[in-house]
Amino acid sequence: MGTSIGFIGIGIMGRHMARNLARAGHEVAVHDVRPEALGGMAGPGLRVAASVADAVRDADVAITMLPDTPQAQDVLLGPGGVLEAGTRGGLVIEMSTISASATRDMAARLAGRGIAMLDAPVSGGPAGAEGASLSIMVGGEAEPFARALPVLQAMGRTIVHVGASGAGQTVKMCNQLVCAINLMGVCEALALGREAGLDLGKLREVLMGGAAGSWMMQNLAPRMVARDPAAGFRIDLKLKDLRLVNEAAFEMGVPLPATALATQLYLEARAHGEGSNGNQALYRVYDRLSNQEG
Ligand code: NAD
C-alpha cells in the first residue's frame, strides 16, 4: 500500500514532484499559500488540503518544497505548521534549497517533538522534477533515510545519503558553486572567442570533446551562442543559492574567492534587469564589460 504524504509548496518543482508521488501509488495531500497554485492539482491520488495542518496531520511523511529558509521555518515551526500540528508518521523531508545551519536548528526543534527531519535538496530543475529523475542529496539519520527512500525514489533517480543533518544542503551548495563558477568560465571562453572572430559553434563543439567539456558547456553555451537569455534557471534563483553559499562560507570561515567573484557578476546581471532571465544571461555581463552589447 502507498504512503500517505502531505506536500507543501506546489510551485514550479513541487507540482511535478507531487504528481509523480501520486503516480507511484502514494496518497498525496497538497497545500500552497497561493490558491491559484492548487488549481488543477486534485486528481487520482491527489487531494487539495485547506491548510498545512490539514495536509500533514495524518500523513506518514510531510514534504516541503518552498522558496527559501524563512518559508521553510514558517511552515515547519510557525503557527499552524508541522511542529504545532504534528504529523502521524513523525517524518519530515525538507526538499527546498535553504540554509544548512537553519536546517540543523529546525531538525533539532522537530526532534524534540519526536519528528525526524531529513534535508533533501534536489538538482535537475523542472525537467528533472517532471521526469522523476532528480538528483537528491540527503542529510539526516540512517533510519529515517531508509523509511524515506521509497518516497524519494518516486521523484528522483540519483539518491545519496550524504551525511548528518544539514549535509544535504551543504552538498547542494557545493553543486551550486561549481555550476556558477563553471558558467563563468564558459562565458569567458565565448567572450574571448567572439572578440577573436571565431565561429562560436565550432569553438563549443571542440571544447566539449576535451577536458573543458561540462554540463554548462553542453546545455547553456548553445543558448549563449544564439544570444538567447530567456528563462531556464533564473538569475534571481541562482543569486539566492549563492547567498546561501556565501553565508555558509562566512559561518565556517572558509574563503571562496571564485564564488565571491561569480556572485558579483550575477549581481551585475540583476542590476541590469536580468533577474528573470536564465542564468546563461551571464554572457550579457561579459558583453557589457567589453562593450559588445547588441
Ligand atoms: P517556486 O517559488 O515555484 O515554488 C515554491 C512554492 O512554495 C510557491 O508555490 C509558493 O507559493 C509556495 N509557498 C511559499 N511560502 C509558502 C507557505 N508559507 N506555505 C505554503 N506554500 C508556500 O519555487 P521552485 O522553483 O518550485 O523551487 C522550490 C525550491 O527548490 C527552492 O528552494 C529552489 O531553490 C529549489 N530548486 C529549484 C529548482 C528550479 O529549477 N526551479 C531546481 C533545484 C532546486
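Residue indices begin at 1 and follow the sequence shown. In listed order, ligands and their atoms are each counted from 1. Scope of the values below: all heavy atoms of this structure, side chains included, with no hydrogens, waters or symmetry mates. It should be emphasised that the depicted structure is a prediction, and the values quoted were computed from it without experimental measurement.
Looking at D32, D68, T64, it is D32 that brings a heavy atom closest to atom 10 (C) of ligand 1. The option from L76, L66, V75 that lies nearest to atom 31 (C) of ligand 1, judged by heavy atoms, is L66.
Among the atoms of K240, some N or O lies under 3.5 angstrom from an N or O of ligand 1. In terms of polar-atom proximity, Q71 is not counted as a contact of ligand 1, lacking any N or O under 3.5 Å from an N or O of the ligand.
For S123, the heavy-atom gap to ligand 1 stays at 4.0 angstrom or more.
Checking E251 against S101 by side-chain atom types alone, a donor-acceptor pair falls below 3.5 Å. Side chain to side chain, D241 and T97 fail the donor-acceptor criterion of an N or O pair below 3.5 Å.
At the top of the distance list for atom 27 (O) of ligand 1, counting protein heavy atoms only, stands M13 CG, 3.9 Å. Protein heavy atom in closest approach to atom 30 (O) of ligand 1: M65 CE, 3.0 Å. Among protein heavy atoms, the minimum distance from atom 20 (C) of ligand 1 is reached at V33 N, 3.3 Å. For atom 4 (O) of ligand 1, the nearest non-hydrogen atom of the protein is G11 CA, 3.2 Å. Shortest contact from atom 23 (O) of ligand 1 to any protein heavy atom: I12 N, 4.6 Å.
Using a 4.5 Å cut-off on side-chain heavy atoms (C-beta onward), R88 and S4 make contact. By the 4.5 Å heavy-atom criterion applied to side chains, N246 and L256 are not counted as neighbours.
For E141, the CD atom sits in a loose shell: 12 or fewer heavy atoms of surrounding residues, nucleotides or ligands are nearer than 6.0 Å. Heavy-atom contacts from other residues, nucleotides or ligands closer than 6.0 Å to CZ of R47 number more than 12.
Considering I63, D32, V92, V56 as possible partners of I8, the one that fulfils the side chain to side chain contact (heavy atoms under 4.5 Å, CB included) test is V56. With N175 as the partner, the side chain to side chain contact (heavy atoms under 4.5 Å, CB included) test is satisfied by one option alone out of S123, S135, P121: S123.
Close contacts of ligand 1 with T97, meaning ligand atoms under 4.0 Å from a residue heavy atom, involve 32 (O), 34 (O), 35 (C), 44 (C). Within the listing of ligand 1, atoms 43 (C), 44 (C) sit less than 4.0 angstrom from a heavy atom of K172. In the vicinity of P67, heavy-atom distances shorter than 4.0 Å reach the ligand 1 atoms 5 (C), 7 (O), 14 (C), 31 (C), 32 (O). Interface of V122 with ligand 1, defined as ligand atoms under 4.0 Å from a residue heavy atom, comprises 43 (C), 44 (C). For ligand 1, the atoms sitting less than 4.0 Å from at least one non-hydrogen atom of G125 are 40 (O), 42 (C), numbered in the order shown with element in parentheses. Which parts of ligand 1 touch S96 is read off a 4.0 Å heavy-atom cut-off, strictly below it: atoms 32 (O). The distance from ligand 1 to the heavy atoms of D74 drops below 4.0 Å at these ligand atoms: 18 (N). For ligand 1, the atoms lying closer than 4.0 Å to a non-hydrogen atom of I10 are 9 (O).
One finds no salt bridge joining D119 and K172 here, because no Lys/Arg side-chain nitrogen approaches an Asp/Glu carboxylate oxygen to under 4.0 Å.
Using modelled atom types, no side-chain atom of Y266 and backbone atom of I235 make a donor-acceptor pair closer than 3.5 Å.
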For residues 10-20, please give each side-chain donor-acceptor pair under 3.5 Å, one per line with the distance, not counting sequence neighbours.
residue	atom	partner	partner atom	Å
R15	NE	G11	O	3.3
R15	NH2	I10	O	3.3
R15	NH2	A37	O	2.9
N20	OD1	R23	NH1	2.7
N20	ND2	H16	O	3.3
N20	ND2	A129	O	2.7
N20	ND2	E130	O	3.3

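Rounded to the nearest 0.5 angstrom, L110 CG and L76 CG are separated by 6.0 Å.
Within a 4.0 Å radius of atom 40 (O) of ligand 1, the protein has at least one heavy atom.
Only the side chain of I8 comes within 4.0 Å of ligand 1, counting heavy atoms alone; its backbone N, CA, C and O stay farther away. When non-hydrogen atoms are compared, ligand 1 lies under 4.0 Å from the side chain of L237 (C-beta onward) but not from its backbone.
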- Message: For D60 and R147: C-alpha separation, side-chain torsions, deciding distance, then whether salt bridge (charged side-chain N to carboxylate O under 4.0 Å, His left out) applies.
- Response: CA-CA 10 Å; D60 298 314; R147 265 195 293 152; over 6 Å; no
